[in-house]
Amino acid sequence: MERPVQTTEQTIFSLAPVIDPDSRVLILGSIPGRISLMKQQYYANQRNHFWAILFVLFGAAQKNNYVDKLAFLKKHRIALWDSIRQCMRKGSLDSAIKAEEPNDIAGLLKMHPGIRLIAFNGGKSRSVFKKYIGFTSIQDVDYIQLPSSSPVPGRYTKSFEEKVETWRVIRDYLK
């Protein structure tokens, strides 16, 4: 059965942040893809490597239930959100994003001062953050750009194993 293809540009909105008072690492994506928006779940596309990377990093068994995945994040003090609050986009690719507006990440961090690392899941997330917020406006937080968990081939695509190895740095902030 073929999935319907989004043929028109639409205004889309990010999901609410997943964060806990004990969170230490904030992983920022750009904005959820079509499947994630339909399901209202972060990284709901089964082809995306996000959840698999995290479960491997912590030596945990893969969880399929979204509530269990969120509990896993909380246990490991990892928060999720997106750099983009809303934008225009046709399809799910970051390259199709237009007229983006940022999320209030500085405001989120004021409410959650325990965050020590912002880890950008891919280049689009980082570039939007840099453009609208900047790296000097938030104190006492480190930044790292991670390879995208997206399975979409691109010129910077890494293997799953390479992604896991690069993403290991987030564990240093959870000690």
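Because only heavy atoms are used, hydrogens play no part in the values below, and waters and symmetry mates are left out as well, while side chains stay in.
- Considering all non-hydrogen atoms of both residues, Y42 and Y66 come closest at N-OH, 2.9 Å.
- Looking at L26 and L109, their side chains come closer than 4.5 Å, going by heavy atoms from C-beta outward.
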Give the C-alpha distance, both sets of side-chain angles, the deciding distance and a yes or no for ring-ring contact (aromatic ring centres under 6.0 Å, His included) between Y143 and F129. CA-CA 11 Å; Y143 303 95; F129 183 93; 5.5 Å; yes
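- For the pair I170 and L146, the minimum side-chain heavy-atom distance is below 4.5 Å.
- Q86 meets the side-chain hydrogen bond (donor to acceptor under 3.5 Å, both in side chains) test with no other residue; sequence neighbours excluded.
- Applying the side-chain hydrogen bond (donor to acceptor under 3.5 Å, both in side chains) rule to R171 yields no partners; only residues at least two apart in sequence or on another chain are considered.
- The minimum heavy-atom distance between Q41 and L15, with the atom names listed, is C-CD1, 3.7 Å.
- A heavy-atom distance below 4.5 Å is not found between the side chains of I118 and W81.
- Contact annotation: the side chain of F13 never approaches that of I31 to less than 4.5 Å [non-hydrogen atoms, C-beta and beyond].
- The existence of a salt bridge linking E100 and K131 is confirmed by a sub-4.0 Å separation between a basic side-chain nitrogen and an acidic carboxylate oxygen.
- Taking CD1 of I115 as the reference point, atom CG of D22 lies at 10.0 Å (rounded to 0.5 Å).
- When the side-chain hydrogen bond (donor to acceptor under 3.5 Å, both in side chains) test is applied to S149, the partners found at least two apart in sequence or on another chain are N48, N121.
- Here I133 contributes atom CD1 and N103 contributes atom CG; the two are 8.0 Å apart, rounded to the nearest 0.5 Å.
- With values rounded to the nearest 0.5 angstrom, Q145 atom CD is found 11.5 Å from L28 atom CG.
- The shortest distance between side-chain heavy atoms of I84 and S30 falls below 4.5 Å.
- Rounding to the nearest 0.5 Å places CD of E165 at 9.0 Å from CG of L57.
- Annotation: side chain of R116 is not in contact with side chain of D142 (no heavy-atom distance under 4.5 Å).
- Among residues at least two apart or in separate chains, salt bridge (Lys or Arg N to Asp or Glu O under 4.0 Å) pairs with a member in residues 78-87 are R85-E101.
- The shortest distance between side-chain heavy atoms of R89 and L37 falls below 4.5 Å.
- Applying the side-chain hydrogen bond (donor to acceptor under 3.5 Å, both in side chains) rule to Q62 yields no partners; only residues at least two apart in sequence or on another chain are considered.
- The closest donor-acceptor contact from the side chain of S125 to the backbone of F120 lies at 3.5 Å or more, if one exists at all.
- Here the side chains of I27 and W167 are in contact, with some heavy-atom distance below 4.5 Å.
- Listed for the K158 side chain is no donor-acceptor partner under 3.5 Å among the backbone atoms of V164.
- Side-chain atoms of K163 come within 3.5 Å of backbone N or O of S148 as a donor-acceptor pair.
- Listed by chain and residue number, L54, F55, F58, A60, H76 satisfy the side-chain contact (heavy atoms from CB on, under 4.5 Å) test with F72 (two or more places apart in sequence, or in another chain).
- Within a 6.0 Å sphere centred on NZ of K74, heavy atoms belonging to other residues, nucleotides or ligands number 12 at most.
- Nearest heavy atom pair, residue Y43 against residue S36, reads N-OG, 3.3 Å.
- Within the model, atoms CG of D172 and CZ of R24 stand 15.0 Å from one another, a figure rounded to the nearest 0.5 Å.
- Contact record, V169 with Y173: O-CD1, 3.6 Å, taken as the closest heavy-atom pair.
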